[in-house]
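Scroll down for the structure; my scribbles are underneath it.
All values below were derived from every heavy atom in this structure, side-chain atoms included, with hydrogens, water molecules and symmetry-related copies excluded. Note that the structure is predicted; figures quoted are calculated from it, not measured. Within every chain, numbering begins at 1; the chains are lettered A, B, ... in the order of the sequence lines, protein sequences first and strands thereafter.
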Amino acid sequence: MIFDNQYEQQRIEKAETLRTLGKNPYTHNIKKDSTTQEFKKCFEYVRDSDPMRDENKENTVAGRIKFLRHMGKAAFAKIEDETGILQIYFSRESIGEDWFKEAKKLIEVGDIVCVTGFPFVTKTGELSLHVRALELATKSITPLPEKFHGLTDKELRYRKRYLDMIMNPNVKETFKIRSKIVSTIRHFFEERSFLEVETPMMHPIAGGANAKPFVTHHNALGIDRYLRIAPELYLKRLVVGGFEAVFEINRNFRNEGMDQTHNPEFTMIEFYWAYHTYHDLMDLTEEMFTVLLKKLNLPTKIPYGDIEIDFAGKFRKISYIDSLVDIGGIPLDVVQSKEKIISYLKGKGEDVNEQLSLGKLYEELFDLYVEEKLIDPTFIIDYPIEISPLARRSDKNPDVAERFELFIAGREIANGFNELNDPIDQYNRFKAQLDAKDAGDDEAHEMDEDYVQALGYGLPPTAGQGLGIDRLTMLLTNEQSIRDVILFPSMKPIKEEIQIKEDEK
RNA sequence: GUCUUGUUAGCUCAGCUGGUAGAGCAUUUCCCUUUUAAGGAAGUGGCCGUUGGUUCGAAUCCAACACAGGACACCA
């Protein structure tokens, strides 16, 4: 049975008692005049009057009781609403002897109340509401965690986010900022004539990235569908169709591990810009960060954990190969040959797969010696073609793709490139992926013939970029775990929950 | 997936080399009309994550499992 805990039983009885007294514990006719913080602002002047009260004013506020202190024939409580917390005072005189006597027993921490009264300042100098009418809005059956330490158990915080929000008000702050980040980005692109679109979440072929998909089943059609791992191929179809600047902010699903920077469902913005290059994308990205910091009232230097990130000025740009030498500290002659890289890595005590191609070896070096050092925003540009299967090959250097990634705080934040729009080349690359799949690479791309067909009609020269909203939010809210910027992060079910479900069947 | 740490009252946590289960807050009863984690007095409240093993005896030692945190790996 749910609510079989002794404390919950006590509270259910209290709700029943309230009913017998003619007071609905779940009333619905609540009208408040102001929020708790509006109340404080509005009546701040009371501090300057003598006595420090204004009995002619009357105001109704509502909120959840977070603290309750009874003192014989009077009581103080702190009630909290979305905006903050406010102290209220009520006594035998102020709400009537009978109701005071009952309320003392029946109204407790966790309940949501609606109070009407006038502003006054207490002996200790706190602007408070002197209650003339006290009404219960919602009876809380489940008691709140302890008032001082609150709720710290991370598992409970993620599983019961509502409780986390009640007990840790700064959590609400983080998600308000997240909301503001998303709306700022949305407006940023709208103002620049990008069109927001929605493309399918269920794909017949999981494409646009190398990742394991989630599979679901469509009963009517009798076929499997994949939850999308990226919207990329659909967005580019739209560019073929004639939308020259499109963006989508939505969820992607990847059937992979979970850790501090990975959640199976995560939010990305992807945008595609015809007749522009990846250099334009980098300029746009810089501009977007400037606008974001301004809208969030953040300085150009922000703390992140133990480090500080400096967004001032143009972001550093350095080529992939140069970064290995200049940032990774790898000797120039080592970078030039496969054999030297292998012996260099071995000399550092790393396990090296000697079968790796030069491009893959670069990637090893980059991940080991460069990535974590990229603290201030840095564009790494001109990627090895081998590790950039969807990007356009450089006309100047056939080993290099016209691609960049943005790194901040040692983490990849965005990935953009000039799109491959040669349909024959694309067809052959898909074919190569098929061969890889046959050879056992279960993350290799499927052939998406319809997409190749679309390219056959002509994709104008286009640059496209993806940017992880969750990781961006982590940076701007100084959170170290992706679970702290996702309202309901993925969690394994607890055994008991499954058993309860089976019992109910 | 590997390593590691944790799981004890509603919450936050003690519990040593095995010997009847502890505290604070919350809750219940009582006192208290300006408190700030209010205060004072007395109570209630435990499948010590689950299942096995060792032992006369296990919250404690061992094993497996479950869930979680951290690190690493995987994942462009």
Distance, P atom - from U7(B) to G45(B), rounded to whole angstrom: 25 Å

Length of the line joining Q9(A):CD and A26(B):P, which is rounded to integer Å: 22 Å

Sugar-phosphate, base or nothing in reach of R53(A), heavy atoms under 4.0 Å: base

Separation between the C1' atoms of G46(B) and A59(B), rounded to whole Å: 11 Å

Distance between P atoms of G22(B) and U44(B) (Å, rounded): 12 Å

Could I get a table of every N or O pair under 3.5 Å where one atom is in the protein and the other is in nucleotides 28-31 of chain B?
{"from": "U28(B)", "atom 1": "OP1", "to": "K14(A)", "atom 2": "NZ", "distance (Å)": "2.3"}

Sole candidate of R393(A), E402(A), R403(A) that passes side chain to side chain donor-acceptor pair (under 3.5 Å) when paired with S388(A): R403(A)

M258(A) CE - A73(B) P separation (whole Å): 19 Å

F43(A) ring center near F39(A) ring center (under 6.0 Å): yes

Closest-nucleotide 5' rank along RNA chain B - winner of Y89(A) and V109(A): V109(A)

Interatomic distance at C1', A21(B) relative to A37(B), whole Å: 27 Å

Pairs touching residues 106-156 of chain A that satisfy ring-ring contact (aromatic ring centres under 6.0 Å, His included), sequence neighbours left out: Y89(A)-F120(A), Y89(A)-H130(A), F118(A)-H130(A), F120(A)-H130(A)

Touch class at under 4.0 angstrom, heavy-atom based, for F417(A) against every strand present: nothing

Sugar-phosphate, base or nothing in reach of F67(A), heavy atoms under 4.0 Å: sugar-phosphate

Phosphate OP1/OP2 of A66(B): any K492(A) side-chain N/O under 4.0 Å: no

Nucleotide A38(B), atom P - distance to CZ of F148(A) in whole Å: 10 Å

Contact list for RNA chain B against residues 126-137 of chain A - heavy-atom distance below 4.0 Å: E126(A)

Touch class at under 4.0 angstrom, heavy-atom based, for Q260(A) against every strand present: sugar-phosphate

Identified pairing partner of C3(B), criterion: Watson-Crick or G-U wobble below 3.5 Å: G70(B)

Test item: D164(A) side-chain N/O and M167(A) main-chain N/O as donor-acceptor pair under 3.5 Å: no

Counter-base of U60(B), judged by Watson-Crick or G-U geometry with both distances under 3.5 Å: none

Pair F315(A) and F404(A), ring centroids less than 6.0 Å apart: no

Protein-nucleotide distance (R11(A), atom CZ; A26(B), atom P), rounded to Å: 12 Å

Name the pairs: protein N/O against N/O of nucleotides 12-14 of chain B, kept only if under 3.5 Å.
{"from": "U12(B)", "atom 1": "OP1", "to": "T152(A)", "atom 2": "N", "distance (Å)": "3.4"}
{"from": "U12(B)", "atom 1": "OP1", "to": "D153(A)", "atom 2": "N", "distance (Å)": "3.1"}
{"from": "U12(B)", "atom 1": "O3'", "to": "T152(A)", "atom 2": "OG1", "distance (Å)": "3.4"}

N/O (side chain, N415(A)) to phosphate O (OP1/OP2, A76(B)) under 4.0 Å: no

Distances under 3.5 Å only, N/O to N/O: pair up the protein atoms with those of nucleotides 42-49 of chain B.
{"from": "G45(B)", "atom 1": "O2'", "to": "Q6(A)", "atom 2": "NE2", "distance (Å)": "2.3"}

N-O pairing of E412(A) and R471(A) below 4.0 Å: no

C1'-based separation of A73(B) from C3(B) [nearest Å]: 11 Å

Whole-angstrom distance between G15(B) and A9(B), as gauged at atom P: 15 Å

Exam field: side chain D259(A) to backbone T261(A), donor-acceptor pair closer than 3.5 Å: yes

Below 4.0 Å: OP1/OP2 of U35(B) and any side-chain N or O of R69(A): no

Partner nucleotide of G46(B) by Watson-Crick or wobble geometry (both distances under 3.5 Å): none

Base partner of A38(B), which must satisfy Watson-Crick or wobble distances under 3.5 Å: none

Over all atoms of both residues, closest heavy-atom pair of V61(A) and T35(A): CG1-O, 4.1 Å

Quick one: which protein N/O atoms are closer than 3.5 Å to N/O atoms of nucleotides 2-7 of chain B? Pair and distance per line, please.
none

